[in-house]
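All residue numbers refer to positions in the sequence shown, counting from 1.
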Amino acid sequence: MYSIKMRANNNSKHISGAETMCQFCEIESTVKRYLKKAFYHENGDIDFINFKIEKITQPIQTLSSLVIYQKENENIRSLAYKNNIKDIAIEKALKYIKSETIYRGAIILCAESGERLDTSEYRGIRVTNFSFKNQNNSSILNERVQDALAIATCINSHESVKGELCVSDDLNYTIGYFASNLLGYNRIFNIKNKNTRQGGRVIFVDRSIDIEEYIEFLENKPKLVVY
Ligand code: PML
Ligand code: MG
């Protein structure tokens, strides 16, 4: 297996990114797919693209996918409340999501105080070295949802994680989600207005988490998410 990572910018501003793990024979088609994604992205033209392709040498950990739920009027605060994530942490998360900075990865906050615990500054922590296997051929699982579900499953598989909030930074994609190990992957419709890049991913954790070990798991441990 090989890990493939792509990120593309314009004027140093993040436009598009993608990652997966695949077999040798799938590298070419995956790179082509990612080239297309980067060069024809609704977020705009790009002037820089970076690919990283690495052979996987570590053993792959298998994770069972979170279950998907979708309700008309899902509410971020009530989902967060059920996971013991405090209002102050949600306010902080929404500030990061609505800020001008476009992070490539996730921000990690203390679920109690809202204090930021990772030190990745403007980059954010990116979940990489994962792939998704759809055993059910479920119809709502387009490529975007598969990716989001895989990332959410990896993020929420750690016992010290209380939940995650995600709002797409794609200009016109208005479905986001709140995920937790307890409540699954809850899609939230109209989480943002159209025509804005405001978005991001925030992970809420217990302060006792071994943050270095958790980040190592998210970024480097090979993970296979099975749905
Ligand atoms: C993204 O790809 O920009 C994040 C999408 C998150 C929501 C996916 C969904 O459930 O529709
Ligand atoms: Mg995006």
Side-chain angles (χ1 to χ4, degrees), residues 1-8 14 16-23 26-27 29-31 33-34 36-38 41 51-56 58-70 79 83 103-108 118 124-170 173 175-188 191 199-205 214-227:
M1 291 282 267
Y2 290 79
S3 144
I4 305 188
K5 299 173 196 160
M6 178 280 285
R7 64 189 171 88
H14 175 72
S16 164
E19 52 276 299
T20 191
M21 292 189 307
C22 67
Q23 302 291 348
E26 297 163 317
I27 293 177
S29 58
T30 306
V31 169
R33 195 153 43 85
Y34 287 176
K36 208 164 154 191
K37 178 173 182 183
H41 205 286
F51 275 95
K52 194 171 191 178
I53 302 175
E54 289 170 294
K55 189 162 185 169
I56 307 275
Q58 286 186 61
I60 299 173
Q61 183 174 339
T62 301
L63 301 169
S64 297
S65 167
L66 293 173
V67 175
I68 300 189
Y69 299 99
Q70 49 185 46
L79 290 165
N83 287 274
Y103 298 87
R104 264 198 282 142
I107 303 294
I108 304 180
D118 69 286
I125 305 300
R126 199 158 149 198
V127 182
T128 58
N129 287 296
F130 68 86
S131 68
F132 186 83
K133 193 160 141 196
N134 183 1
Q135 282 180 333
N136 288 321
N137 284 323
S138 169
S139 58
I140 61 164
L141 292 185
N142 61 34
E143 200 180 323
R144 185 197 292 265
V145 179
Q146 291 190 17
D147 275 352
L149 191 55
I151 292 172
T153 300
C154 296
I155 284 176
N156 288 284
S157 67
H158 194 289
E159 55 180 8
S160 299
V161 172
K162 297 200 168 168
E164 173 209 356
L165 178 63
C166 172
V167 177
S168 176
D169 65 9
D170 289 3
Y173 195 75
I175 308 173
Y177 68 84
F178 177 92
S180 74
N181 201 23
L182 191 69
L183 301 177
Y185 179 100
N186 296 269
R187 301 183 87 198
I188 305 175
I191 201 166
R201 202 172 235 118
V202 179
I203 308 173
F204 303 94
V205 302
Y214 180 51
I215 292 172
E216 170 65 21
F217 166 77
L218 293 179
E219 294 191 329
N220 296 323
K221 173 88 191 154
K223 302 163 282 288
L224 171 67
V225 177
V226 179
Y227 182 79

Could you measure the distance from the OH atom of Y214 to the OG atom of S157? Nearest 0.5 Å is fine. 7.0 Å

Between T30 and I27, is there a side-chain heavy-atom distance shorter than 4.5 Å? no

Quick check: closest heavy atoms across G163 and N156, and the distance to 0.1 Å? CA-OD1, 3.5 Å

L165 side chain reached by I191 side chain, heavy atoms, under 4.5 Å: yes

Side-chain contact test, heavy atoms from C-beta onward, threshold under 4.5 Å: evaluate it for M21 versus P222 and give yes or no. yes

Close side-chain approach of R144 and I175, heavy atoms under 4.5 Å: no

Measuring from atom CG of L63 to atom OH of Y227, what distance do you get when rounded to the nearest 0.5 angstrom? 15.5 Å

Which pair of non-hydrogen atoms, one from G17 and one from K37, has the smallest distance, and what is that distance? O-NZ, 3.0 Å

Closest non-hydrogen atom pair between G184 and Y69, with its separation: CA-CE1, 4.2 Å

Check N142 against V145 and note the closest heavy-atom contact, atom names and distance. OD1-N, 2.8 Å

Return the set of residues passing side chain to side chain contact (heavy atoms under 4.5 Å, CB included) with L182 (not counting sequence neighbours), or none when no residue passes. N83, S180

Can you confirm whether Q58 is buried at CD, in the sense that more than 12 heavy atoms of other residues, nucleotides or ligands lie under 6.0 Å from that atom? yes

For the atom pair OG1 (T128) and CG (N220), what is the distance rounded to the nearest 0.5 Å? 6.0 Å

Donor-acceptor under 3.5 Å (E164 side chain, A179 main chain): no

Using modelled atom types only, decide if a donor and an acceptor are shared between the side chain of T20 and the backbone of S131 within a distance under 3.5 Å. no

Scan for salt bridge (charged side-chain N to carboxylate O under 4.0 Å, His left out) pairs involving residues 148-158, sequence neighbours excluded, and state none if there are none. none

Restricting to side-chain hydrogen bond (donor to acceptor under 3.5 Å, both in side chains), what partner residues turn up for D118, sequence neighbours left out? R116, S120

For Y185 versus A148, what's the shortest heavy-atom pair and its separation? OH-CB, 3.3 Å

Would you say that V226 contacts T62 through its side chain, given a criterion of any heavy-atom pair below 4.5 Å between the two side chains? yes

Rounded to the nearest 0.5 Å, how far apart are OG of S64 and CD of Q135? 9.0 Å

Rounded to the nearest 0.5 Å, how far does CD of Q61 lie from CG of N129? 12.5 Å

Consider side chain to side chain contact (heavy atoms under 4.5 Å, CB included). Of V127, I108, I125, I151, which one does R201 pass it with? I151

What pairs meet the salt bridge (charged side-chain N to carboxylate O under 4.0 Å, His left out) rule with one or both residues in residues 215-227, with sequence neighbours excluded? R123-E219

Angle between ring planes, Y34 versus F51, binned at 30° and 60°: parallel, tilted or perpendicular? parallel

Residues in side-chain hydrogen bond (donor to acceptor under 3.5 Å, both in side chains) with R126, at least two apart? E19

Is a side-chain donor-acceptor pair under 3.5 Å present for Y2 with E26? no

Gap between atom OH of Y177 and atom CG of N186 - 0.5 Å precision: 11.5 Å

Is K52 close to S3 at the side-chain level, that is, under 4.5 Å between some pair of heavy atoms? no

Pairs touching residues 127-156 that satisfy ring-ring contact (aromatic ring centres under 6.0 Å, His included), sequence neighbours left out: none

Is there a side-chain contact between V161 and N181 in this structure, where contact means two heavy atoms from C-beta onward sitting under 4.5 Å apart? no

Is there a side-chain contact between I4 and C22 (heavy atoms, below 4.5 Å)? yes

